[in-house]
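This report refers to the structure that appears directly beneath it.
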Amino acid sequence: MLAEPYRGNDDAHEMAVAFLGKPWTTVAVQELFRHREMLFTLTPAAYVAYLPAYLIACLSTEDPLDTYGADLREYLLDTLIIAEGASQERSTTTEARLAALTAAQRTVAVEVVKHLMLRWSMPRAKEVLDALDHEG
C-alpha cells in the first residue's frame with residue numbers, strides 16, 4: 001500500500017493501517033483529512049483506489065468555512081503534479097502514481113481540478129491542469 005521509499009514512515013504507516021481493506025466509499029472525510037499529508041506516499045494501486053474519495057471530498061462542500069475542504073484540496077493538488085524542487089523519490093513515485101491513472105480517471109481528476117480552479121480561484125489548480133494536459 002505504501003511506496004517503497006515511505007514504508008518506514010510512521011505517519012504513512014498510520015494511514016495505511018487506517019485505509020487498508022476499506023473501500024474508498026467507506027472512508028470518512030475526517031479520516032481522509034487526518035491522513036491528507038501522507039496521500040503522496042501511496043503506491044500507484046493504492047492511490048488509484050483512494051483517489052475517488054479525495055476527489056469527492058474536495059467537492060463535497062461549497063462552504064468557505066468548511067473545516068476540511070481547503071486542506072484536502074491543497075494536498076490533493078500536490079499529489080497530481082511533480083513539484084519543482086521535489087526529491088528524486090517524490091518525483092519518481094508521483095510519476096508512477098500518475099501513470100497508473102486510466103484515461104477515464106485522468107479525465108475525472110482534470111474536471112475536479114478545473115472546478116477547484118474556477119470555484120476556489122486556486123492558482124495551484126491551474127498549474128496542475130497545465131501539467132496534466134502536458135502529461136496526458
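Partners of K114 according to the salt bridge (Lys or Arg N to Asp or Glu O under 4.0 Å) rule, which considers only residues two or more places apart in sequence or in another chain, are E111. Legend: residues meeting ring pair (Phe, Tyr, Trp, His ring centres under 6.0 Å) with F19, ordered by chain and number and at least two apart, are H35, Y50. Applying the side-chain contact (heavy atoms from CB on, under 4.5 Å) criterion to I56, with sequence neighbours excluded, gives W24. Partners of T92 under the side chain to side chain donor-acceptor pair (under 3.5 Å) rule, at least two apart in sequence or in another chain, are Q88. Here D66 pairs with nothing under the salt bridge (Lys or Arg N to Asp or Glu O under 4.0 Å) rule; sequence neighbours left out. Under the side-chain contact (heavy atoms from CB on, under 4.5 Å) criterion, H13 pairs with V17, sequence neighbours left out. By the side-chain contact (heavy atoms from CB on, under 4.5 Å) test, T25 pairs with P23, sequence neighbours left out. E31 pairs by the salt bridge (Lys or Arg N to Asp or Glu O under 4.0 Å) definition with R34, not counting sequence neighbours. For R36, the salt bridge (Lys or Arg N to Asp or Glu O under 4.0 Å) criterion is met by D71, not counting sequence neighbours.
The closest side-chain heavy-atom distance from L2 to M15 is below 4.5 Å. Using a 4.5 Å cut-off on side-chain heavy atoms (C-beta onward), L55 and L51 make contact. At a threshold of 4.5 Å between non-hydrogen side-chain atoms, the residues L129 and M117 count as touching. Residues L72 and V29 form a side-chain contact, since some pair of their non-hydrogen atoms from C-beta on lies under 4.5 Å apart.
A continuous path of ILVMFWY side-chain contacts below 4.5 Å connects V108 to L80, so both sit in one hydrophobic cluster. Linking Ile, Leu, Val, Met, Phe, Trp and Tyr residues whenever their side-chain heavy atoms come within less than 4.5 Å leaves I82 and L101 in two separate clusters.
A distance of 6.0 Å separates CG of L116 from CG of L59, quoted to the nearest 0.5 Å.
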request  = Under the side-chain contact (heavy atoms from CB on, under 4.5 Å) rule, what do L98 and R106 come out as? Steps first, then yes or no, please.
outcome  = CA-CA 8 Å; L98 295 177; R106 182 178 288 275; 4.3 Å; yes

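Listed here is the closest heavy atom pair of A125 and L77: N-CD1, 3.8 Å.
The ring-ring contact (aromatic ring centres under 6.0 Å, His included) analysis of residues 61-120, with sequence neighbours excluded, yields the pairs F33-Y68. Within the structure, every pair that satisfies the salt bridge (Lys or Arg N to Asp or Glu O under 4.0 Å) test and touches residues 73-90, not counting sequence neighbours, is listed here: D78-R124.
Within a 6.0 Å radius of NZ in K22, other residues, nucleotides and ligands contribute more than 12 heavy atoms.
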List the atom pairs, with distances to 0.1 Å, where a side-chain N or O of residues 38-49 and a protein N or O form a donor-acceptor pair under 3.5 Å, not counting sequence neighbours.
| unit_1 | atom_1 | unit_2 | atom_2 | d |
| --- | --- | --- | --- | --- |
| T41 | OG1 | M38 | O | 2.6 |
| T43 | OG1 | A46 | N | 3.2 |
| Y47 | OH | T79 | OG1 | 2.7 |

